Asker: 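Let me give you the structure first, and then I'll get to my questions.
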Number of protein chains: 2
Amino acid sequence: MTTRVLLVDDHPVVRAGLRAVLESVGDIVVGAEAPDGRVALEMLSRAGGSVDVVVMDLQMGSGMGGLDATRRIVAAGGPPVLILTTYDTQADIVAALEAGAIGYLLKDSQPETIGAAVHDAAAGRPVLSPSVTARLMQRVRSPGTSLSAREIEILRGLATGASNRALAKELFISEATVKTHLVHIYDKLGVDNRTAAVNRAREEHLI
Amino acid sequence: MTTRVLLVDDHPVVRAGLRAVLESVGDIVVGAEAPDGRVALEMLSRAGGSVDVVVMDLQMGSGMGGLDATRRIVAAGGPPVLILTTYDTQADIVAALEAGAIGYLLKDSQPETIGAAVHDAAAGRPVLSPSVTARLMQRVRSPGTSLSAREIEILRGLATGASNRALAKELFISEATVKTHLVHIYDKLGVDNRTAAVNRAREEHLI
DNA sequence: ACCGCGCTCAACCGATCGGTTGACCCGGCG
DNA sequence: CGCCGGGTCAACCGATCGGTTGAGCGCGGT
């Protein structure tokens, strides 16, 4: 039985590459592609039954981000979500797994590795890149400052210099909620303003 | 006459995607692929005459980076180098152009755009993504991003998350003066708040 | 001597941020 | 089942920040 995939990535080039790689390893067919989280959700709600696994990038230039989309797909009882991205920072990995992703792969993986991972994820088996596993172990060994997935997202926005209003729009929440998150972040990081929070987050390699 | 391309990117997925995209727009053939700068240089020195343009990523996980490779190819009188990457920071763009690249494209460009750019680059015509052009204009408008010594000091303080009052105490000036400096800094960096200023300053290696 | 520029300061105002209280929903856990 | 934590939101207030105008000082160059 062939595995049917929904590709979510804002780069046409990457989508084409993944399509080529996946369909060349056999027993995989890319049934649909989406350039961001919003479109992916629409596609799933319309033809969810025909997708065995979602292969999702985390970084989206615009539109709904990968984390948000993953959360919603999982919440809606959709197909398993396999994160396929470029970065392997602790913050990204933990946030993705907390959001409910079934796996976390790096884009520089070998084609066969990616193919095997897609089959595993579709079957509900968790998959992690070796380097990702390493970072995860590193984390459990040293229980650092624990920010929630949502808080990390907020922090990322902060680092770009976004205002509360811009942050709210970006994450589809109200300014009030952004402020609530900020208070928690300041508390956990031991600071009292956004710039200091960004500074501390960089120091602790949270972003 | 078909344009012959050498692809340099450390991600197999991206190479596959670019190959698919380029060869689908017509009159382009990907003659060779290299996973890093070193391999690319070897290929060129052995079969340089058969490459019309090098399509190069900047970020390479390991091995020789894209900047270094571009410099050497240009120095050796090799084919034009078109940078195709994910980021559009001023630092990256300026560095690439200084290294001698003939163009700078973003990976989220449309396939047809990329195809046209490859043809242009091969013919020796410079090409830039719109957003890249915007950043460059931004840079030329702000003359060399030349901040005064005092402004750099302020910026350093900003980066630590200090308030205007703390900054004033630290530098033995009044809050009013701090605010004046800040306005000038925002102006020169093209931003409108302290966190964004710090972000931009990091990008441009001003701190 | 004059001009330009960087640095300094003041006063003012609207916009944004920081902080608090209180509330609701949901999912996981004992 | 009830509890708790995470996420969401509202309303409110004082503090801080962003932006403007206007002005004085000292230093270096034409």
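Because the structure is predicted, anything quoted here is derived from the model rather than measured.
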Asker: For Ala201(A) and Leu155(A), which heavy atoms make the closest approach, and how far apart are they?
Answerer: CB-CD2, 3.7 Å
Asker: Take atom CG of Leu171(B) and atom P of dG6(C), then tell me their distance rounded to the nearest Å.
Answerer: 18 Å
Asker: Without decimals, in angstroms, what is the distance between His184(B) NE2 and dC9(C) P?
Answerer: 14 Å
Asker: Each nucleotide in nucleotides 24-30 of chain C should get exactly one letter: B, S or -. Can you fill that in based on protein heavy atoms under 4.0 Å?
Answerer: -------
Asker: Flag the pair Asp57(A) / Val14(A) as yes when at least one side-chain heavy-atom distance between them is below 4.5 Å, and no otherwise.
Answerer: no
Asker: Can you check the Arg165(A) CZ to dC17(D) C1' distance for me, whole Å?
Answerer: 15 Å
Asker: Does Ala99(A) offer a backbone N or O that forms a donor-acceptor pair with the side chain of Thr70(A) under 3.5 Å?
Answerer: no
Asker: In whole angstrom, what separates Glu175(A)'s CD from dC12(D)'s C1'?
Answerer: 14 Å
Asker: With respect to the phosphate group of dT8(D), does any side-chain polar atom (N or O) of His181(A) fall under 4.0 Å of OP1 or OP2?
Answerer: yes
Asker: Ile173(A) CD1 to dA10(D) C1': how many Å, rounded?
Answerer: 14 Å
Asker: In this structure, how many angstroms lie between the P atom of dG6(D) and the CD1 atom of Ile185(A), rounded?
Answerer: 13 Å
Asker: Tell me if a side-chain donor or acceptor on Ser129(A) pairs with a main-chain N or O of Val132(A) at a distance below 3.5 Å.
Answerer: no
Asker: Let me have a per-nucleotide readout for nucleotides 18-23 of chain C, 5' to 3', with B, S or -, counting only protein heavy atoms under 4.0 Å.
Answerer: BBB---
Asker: Measure the distance from CD1 on Ile154(B) to C1' on dC9(C) and round it to the nearest whole Å.
Answerer: 13 Å
Asker: Closer than 4.0 angstrom, basic N to acidic O: yes or no for Glu175(B) and Lys179(B)?
Answerer: no
Asker: Does the side chain of Thr177(B) reach to within under 4.5 Å of the side chain of His181(B), using non-hydrogen atoms?
Answerer: yes
Asker: Could you tell me the separation between the CG atom of Leu147(B) and the P atom of dC7(C), rounded to a whole number of Å?
Answerer: 10 Å
Asker: Does a side-chain N or O from Thr177(A) land closer than 4.0 Å to OP1 or OP2 of dC9(D), or not?
Answerer: yes
Asker: If you measure from CZ on Arg38(B) to CZ on Arg72(B), what distance do you get to the nearest 0.5 Å?
Answerer: 11.0 Å
Asker: Is the shortest side-chain heavy-atom distance between Leu182(B) and Leu158(B) below 4.5 Å?
Answerer: yes
Asker: OP1, OP2 of dT8(C) versus side-chain N and O of Arg150(B): anything below 4.0 Å?
Answerer: yes
Asker: Are the charged groups of Asp68(A) and Arg150(A) less than 4.0 angstrom apart, N to O?
Answerer: yes
